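To keep things clear, I will list the structure first and then write my remarks on it.
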Amino acid sequence: MRDGFLSYRGYRWLWICSLALLAFIAVYLWDNPVGGRNGGTIVGYTYGGIATAGILFLMYYGIRKRAYYSKATTLKGTLSAHVWIGVLLIFLVPLHSGFSFGWNVHTLAYALMLFTIFSGIWGVVMYTRLPMNLQSQRGGGTMTQLLEQVKAISEDINRMAGIEGASKDATPKSDVFLGMLQRLDFTFKPSIYRSLFKKSSQPIDRSRMAALLSELPKEEQDDGLKVIGLLNKKRELVSRIQDEASSLTWIRLWLYLHLPISFGLLFALAIHIFSVFYYW
Ligand code: HEM
Ligand code: HEM
């Protein structure tokens with residue numbers, strides 16, 4: 001995505017859409033129909049048709065997105081087209097209607113189209129801020145691996161503390177050691193609330209680490225150092241999981257906005273087209 005709609009291919013679509021817009025404006029200005037410019041003139045009908053074709057193409061993108069194996073176009077190429085055609089429509093529809101709007105279903109279609117487009121722009125801004133690996137893999141694979149790593153590290157920590165799975169002849173850890181662990185360790189359960197609102201856990205810094213180690217009995221300091229190392233690794237993994245989960249959640253929330261509004265638009269558009277022909 002990052003090199004998608006503003007890449008070479010992205011700029012190509014920006015050019016195509018800008019030139020198309022200039023041509024649409026030129027024809028609009030050149031046209032001087034009896035009764036003034038509006039959606040019912042030849043140019044009006046033509047622009048309405050083109051705008052409808054544009055909207056249907058953008059809706060088709062939803063299906064295209066899932067057909068990852070299509071050879072004709074690449075996903076990034078299609079997204080650039082999606083973005084710039086969407087932006088072009090903002091201007092094309094007023095040219096279609098002769099800049100006439102009112103409190104009616106026609107203008108409702110335009111308003112819904114603007115909502116869809118602006119939600120789309122918000123989505124693109126959000127996408128470009130996401131971690132790169134999420135953009136390429138959409139979370140899935142890495143997330144399971146990260147969760148498994150957290151589980152393995154937690155087991156290692158418990159083993160070192162003698163809480164579970166430790167060898168029988170290992171000496172039990174002192175209360176100071178266990179107290180330190182209690183303060184620093186945590187159980188991690190991923191949740192939507194957590195991924196949206198909880199802050200990432202910070203690594204234990206060097207001065208705190210030194211202070212904690214100095215409190216431990218001498219014979220436990222080596223193990224203490226290892227445990228703190230593991231705890232730091234666990235914190236790092238948990239913040240990565242949280243970052244990825246939070247991005248994924250925002251993407252889903254965003255899609256639940258962009259997608260329904262685009263269907264609302266399609267519905268209002270169908271009524272608009274039907275009504276202009278019905279009352280003609
Ligand atoms: C095949 C496609 C389309 C056809 C045949 C069509 C037809 C028309 C016609 C005949 C008018 C004039 C109605 C009148 O003056 O009473 C009109 C106006 C209008 N159309 Fe379309 N249209 C199409 C697509 C679109 C699209 C895609 C949008 C926006 C999403 C749109 C938004 C409007 C608006 C806002 C008006 C002005 C309403 C007003 O003056 O209050 N149209 N259209
Ligand atoms: C009338 C205008 C638009 C319509 C009807 C429309 C419709 C859609 C549809 C149906 C999807 C697929 C959702 C899914 O099933 O996953 C989609 C995805 C998307 N749209 Fe739009 N869209 C419009 C305008 C825009 C604009 C202007 C932008 C950005 C500036 C945009 C950005 C996006 C993005 C980023 C995605 C998701 C891409 C992905 O997940 O790979 N859309 N849009």
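Side chains are part of it too, since the values below use all heavy atoms of this structure and drop only hydrogens, waters and symmetry mates. As the structure is a prediction and not an experimental result, all values here were calculated from the model. Both ligands and their constituent atoms are indexed starting at 1 by order of listing.
Around atom 21 (Fe) of ligand 1, the protein N, O or S atoms found under 2.8 Å comprise H96 NE2, H272 NE2.
Residue contacts with ligand 2, taken as heavy atom pairs separated by less than 4.0 Å, involve L259 solely via side-chain atoms from C-beta onward. Within the 4.0 Å heavy-atom criterion, neither part of L112 lies near ligand 1. If you look at W254 next to ligand 2, the close heavy atoms, those under 4.0 Å, all belong to the side chain. Residue contacts with ligand 2, taken as heavy atom pairs separated by less than 4.0 Å, do not involve I251 at all. Contacts between L266 and ligand 2 below 4.0 angstrom, taking non-hydrogen atoms only, are absent altogether.
Per residue H82, closest N, O or S atom to atom 21 (Fe) of ligand 2: atom name NE2.
Under the 30°/60° scheme for interplanar angles, the aromatic rings of Y45 and F277 are found to lie parallel. Note on ring orientation: taking the six-membered ring where Trp is involved, the planes of H258 and W254 are parallel (angle under 30°, cut-offs 30° and 60°).
Checking only distances, N104 does come within under 3.5 Å of ligand 1, N or O to N or O. For ligand 2, the polar-atom distance check against H258 finds a nitrogen or oxygen pair separated by under 3.5 Å.
For atom 15 (O) of ligand 1, the closest non-hydrogen atom of the protein is N38 OD1, 4.3 Å. For atom 1 (C) of ligand 1, the closest non-hydrogen atom on the protein side is T52 OG1, 3.6 Å. With hydrogens left out, the protein atom closest to atom 27 (C) of ligand 1 is L269 CD1, 3.3 Å, a heavy atom.
The closest approach between a heavy atom of F115 and any atom of ligand 2 is not below 4.0 Å.
Ion pairing between K234 and D185 holds under the 4.0 Å rule for side-chain N and carboxylate O.
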